[in-house]
> 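Sharing a structure here in structure tokens format.
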There are 4 protein chains.
Amino acid sequence: MNTASTATTKTSQPRLRADAQRNRERIVAAAREVMVEHGAEVPLDEVARRAGVGNATLYRHFPDRADLLHHVTLSVLDRTADRAERALAAEDGDAFQALRAFVHAAVEERIGALCPLLSDGVDKDHPDLLAARDRLERAVESLMGAARESGRLRADIAVGDLMVAITQLTRPLPGNRCTDFDRFVHRHLQLFLDGLMAPARSELPGSAATLDGLRQQCRR
Amino acid sequence: MNTASTATTKTSQPRLRADAQRNRERIVAAAREVMVEHGAEVPLDEVARRAGVGNATLYRHFPDRADLLHHVTLSVLDRTADRAERALAAEDGDAFQALRAFVHAAVEERIGALCPLLSDGVDKDHPDLLAARDRLERAVESLMGAARESGRLRADIAVGDLMVAITQLTRPLPGNRCTDFDRFVHRHLQLFLDGLMAPARSELPGSAATLDGLRQQCRR
Amino acid sequence: MNTASTATTKTSQPRLRADAQRNRERIVAAAREVMVEHGAEVPLDEVARRAGVGNATLYRHFPDRADLLHHVTLSVLDRTADRAERALAAEDGDAFQALRAFVHAAVEERIGALCPLLSDGVDKDHPDLLAARDRLERAVESLMGAARESGRLRADIAVGDLMVAITQLTRPLPGNRCTDFDRFVHRHLQLFLDGLMAPARSELPGSAATLDGLRQQCRR
Amino acid sequence: MNTASTATTKTSQPRLRADAQRNRERIVAAAREVMVEHGAEVPLDEVARRAGVGNATLYRHFPDRADLLHHVTLSVLDRTADRAERALAAEDGDAFQALRAFVHAAVEERIGALCPLLSDGVDKDHPDLLAARDRLERAVESLMGAARESGRLRADIAVGDLMVAITQLTRPLPGNRCTDFDRFVHRHLQLFLDGLMAPARSELPGSAATLDGLRQQCRR
DNA sequence: GATGAATGAGAATTCATTCAT
DNA sequence: CATGAATGAATTCTCATTCAT
């Protein structure tokens, strides 16, 4: 499924020579890994070194950092969408459990690395990105819809809520050597998912009004 | 309470001239603000400029970035502990609600900026940090203890779970212009808190064993 | 006169520390020399080295190449204007000769280096530049006016004609080791000046019409 | 005449395949154009792109920049010599006018681009270059000889004087968008030519002695 | 003690040139 | 032969840190 679905969101490029294509993929993979580990600010020379290519090769493929981030983001979105679709396909009667499975699986795709998506340089409205996001959100929406219908998912939650939250909860800690990062992450996701279950246990601040009320409350 | 309690975690410094002390505080405040906005990687000259002092003055007070981060972290921890203690004092019968109030209030202290705490350069075992953390955790533990006793907070959650989670959920998005960042944040915290309520709705992966089980599940 | 007149076109800067001011001047001087020799494209590190400062010092004073060029240009304009004013003051009855003296003297100021003035990055409409140009053109105009009145300078020549022409004729040859560059230059200027004498020996193509005529002629 | 005379200065190359020969010429033509526009420092990839060939093709034909410059120079010299010979052939009684015609015509060949000729990398003593220069100078010498004999051209001017001067006067201004560049150029040439007419209006500094005298004069 | 200035080390990016298809 | 791809060396520019006033 991976290849097929991936192809869906990819714009047709001018045919690349086989070796160039391989390098291109290596670079994106290396960037994904190293940026997940050390943040989006890593020296691009480091990315190139990890990919096993010269720095200029990286620049040939991705003229600047923003362009590289764009493609890393696409890659993460695609892979995460694959996971969502897979979870959807594997659903076996417990819709909420399918949603849970997807959320925990998303960690493996380092979805926390999606944050660079929002960094200054990247064009969030680029058609490719919109398409990839769309595909992901559509799949997650399906998972959520089924869970909602099963009566296990509270009704006041949008797909955006979920995506941003799991992105934040899985963000790598700077400089972390991850010893038990995973353990924490999965605990947090589990707790967060518990909060998503019906019946709702609190009212969500969604309007400016409720938000302001909440703030008053905090002040004293 | 603020001043008194703050003093508690401060190690005794050699007496500073009044203006030097003021500069010192301005620098930490400026650093806290600018790092919250632009991440921990901001040029220190920028911090100095915001604080209205020369860069060399910053370096006189904080010999390197790690040292500055150390003090920013202390400051955030202290202020957040103030909030926790205040929430504790303001408790009026609903212990879980007091916990909720604290969590939402912590956003105002930009607790998400605590993440630099974990960055490479900072010594996480410095006595001052341990003390500040201790004070904060003690206060939050009190809040949680009361909530647990009231039967509203599930029992399988440690203070670390909560602190790391809210830190992550309130991390600033890079390059964000924050228009409705707050709205999202408070929604997520609300959902997360809902997940913390008793009765527990799922088992948390806390041991290596359950974690592995969870992973198996994700794989297919 | 030099210092006084130079001050005329300088905008008041915030007071610089004495050493900083010295560095600033050294850098401009070095840039003028090295750019005259090797063109405006020289590595800025080279300029810094020649000025005896670190490269970052250069960047502190002149944030980018365009800014440095701007100041080099100002410097050349100022020094050339000094020459023009000096020639004016030294006039002793032969106005055309005074003009000649200025033109040959301008070589010493490397007026050919003015060409960078026209390069892409520089703002030709910056007030400081306009002022410096104005001062120079005013002085040259005076020289030309006197020569015209003496009946030795043909009437159809504007100050711009002269300035651009001598700029071009004194442009350094790329990679030249200049042994007898000076000899050529002064010969060319002499010839060009001869062409400026009255009575006019040809009609100058100044309108589109005459220019087109000239082109036709060239075609066959 | 063009083809024949061009052949004269070309050393016999190993027979090239027709398409290779065409590529070679396209590259030189592209280089001439792009270097005239943007200076001799343009990226060679840009030249290749303009010529519609791959960069490696350029390198196959011209192993390095100096080699390409060499051939560009040859091309300009040849074309300019063509112009000179044509002017010579078209002479119709007014020898000085024929000289004028040639000078203005040389602009069209962008003779100002000859300056790269003198840049470091090029071997000015290469037989091909000497031959091309020779041919050009011989033709110009003929024009000048006739003009001298007609009594209209002053006697103290060598062919080198003229060639270097018109090269300088027609040098493209960096970053110029050429709107009225041509107008200026032709005006300057006209003035310069006027200075070449007999009777001489000044003594030319040709010896070290006269040059020094001139310098003294400039000093005060 | 406070400050502006100086600096070298390092990161991003470009480009001439070589290599593999 | 022609080409696109790869590469390292060079260049611009930034920034943490030190120095001189």
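In the text below, chain A, chain B and the rest are named by the order of the sequence lines, each starting its count at 1.
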> Measure the distance from CZ on A:Arg49 to C1' on E:dA11 and round it to the nearest whole Å.
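The distance from CZ of A:Arg49 to C1' of E:dA11 comes to 14 Å, rounded to the nearest Å.
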
> Taking atom P of E:dT14 as reference, at what distance in whole Å does atom CD of D:Glu46 sit?
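It works out to 14 Å between those atoms.
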
> Enumerate the protein-to-nucleotides 6-10 of chain F contacts in which both atoms are nitrogen or oxygen and the separation is below 3.5 Å.
{"unit_1": "F:dA6", "atom_1": "OP1", "unit_2": "A:Asn23", "atom_2": "ND2", "d": "2.2"}
{"unit_1": "F:dA6", "atom_1": "OP2", "unit_2": "A:His61", "atom_2": "NE2", "d": "3.2"}
{"unit_1": "F:dT7", "atom_1": "OP2", "unit_2": "A:Gly54", "atom_2": "N", "d": "2.8"}
{"unit_1": "F:dT7", "atom_1": "OP2", "unit_2": "A:Thr57", "atom_2": "OG1", "d": "2.8"}
{"unit_1": "F:dG8", "atom_1": "N7", "unit_2": "A:Asn55", "atom_2": "OD1", "d": "3.3"}

> Could you spell out the base pairing of DNA chain E as a dot-bracket line? Use Watson-Crick and G-U wobble contacts where both distances are under 3.5 Å, [ ] for crossing pairs, | for partners on a different strand.
.||||||||||||||||||||

> Using a heavy-atom cut-off of 4.0 Å across all strands, would you classify B:Val47 as base, sugar-phosphate, or nothing?
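No contact.
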
> Nearest whole angstrom, please: distance from the P of E:dA11 to the NE2 of A:His38.
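Spelled out: NE2 on A:His38 to P on E:dA11 is 13 Å.
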
> With a 4.5 Å cut-off on side-chain heavy atoms, are B:His70 and B:Asp128 touching?
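In short, these two side chains touch, coming nearer than 4.5 Å.
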
> Working note: A:His61 + A:Asn23, criterion side chain to side chain contact (heavy atoms under 4.5 Å, CB included); need CA distance, chi angles, decisive distance, verdict.
CA-CA 9 Å; A:His61 286 287; A:Asn23 275 343; 4.2 Å; yes

> Could you give all pairs that pass the side chain to side chain donor-acceptor pair (under 3.5 Å) test and reach residues 40-53 of chain B, with sequence neighbours left out?
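Those involving residues 40-53 of chain B are B:Glu46-B:Arg49.
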
> Please identify each residue that fulfils ring pair (Phe, Tyr, Trp, His ring centres under 6.0 Å) with C:Phe62, with sequence neighbours left out.
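Here the qualifying residues are C:His71.
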
> Mind checking whether A:Leu68 and A:Asp64 have side chains closer than 4.5 Å, heavy atoms only?
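Heavy-atom side-chain distance check fails, nothing below 4.5 Å.
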
> Can you figure out which of F:dT12, E:dA16, E:dT13 approaches the side chain of D:Leu44 most closely?
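From the listed options, E:dA16 comes nearest.
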
> Give the rounded distance in Å between these two atoms: CZ of C:Arg26 and P of E:dA5.
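Going from C:Arg26 (CZ) to E:dA5 (P), I get 16 Å.
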
> What is the distance, to the nearest angstrom, from the CD atom on B:Glu41 to the C1' atom on E:dG10?
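The answer, rounded to whole Å, is 15 Å.
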
> Distance-only check: which donor-acceptor pairs under 3.5 Å involve side-chain atoms of residues 26-35 of chain C, not counting sequence neighbours?
{"unit_1": "C:Arg32", "atom_1": "NH1", "unit_2": "C:Ser75", "atom_2": "OG", "d": "2.5"}

> In whole angstrom, give the distance that lies between atom CZ of C:Arg22 and atom C1' of F:dT21.
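One finds 12 Å between C1' of F:dT21 and CZ of C:Arg22, rounded.
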
> Does A:Asp123 form a side chain to side chain contact (heavy atoms under 4.5 Å, CB included) with A:Leu129? I'd like the steps, not just the answer.
CA-CA 8 Å; A:Asp123 174 15; A:Leu129 270 185; over 6 Å; no

> E:dA9 P sits how many Å from B:Arg65 CZ, rounded?
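My rounded result for the distance is 19 Å.
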
> Run the side-chain hydrogen bond (donor to acceptor under 3.5 Å, both in side chains) test against A:Arg65 and tell me which residues pass, sequence neighbours left out.
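side-chain hydrogen bond (donor to acceptor under 3.5 Å, both in side chains) list for A:Arg65, sorted by chain: empty.
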
> Applying side-chain contact (heavy atoms from CB on, under 4.5 Å), can you list everything that pairs with A:Ala48, at least two apart in sequence or on another chain?
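Once residues adjacent in sequence are excluded, the partners of A:Ala48 under the side-chain contact (heavy atoms from CB on, under 4.5 Å) criterion are A:Val53, A:Asn55, A:Leu58.
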
> Roughly, in whole Å, what's the span from CG in D:Asp67 to P in E:dA16?
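These atoms are roughly 15 Å apart.
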
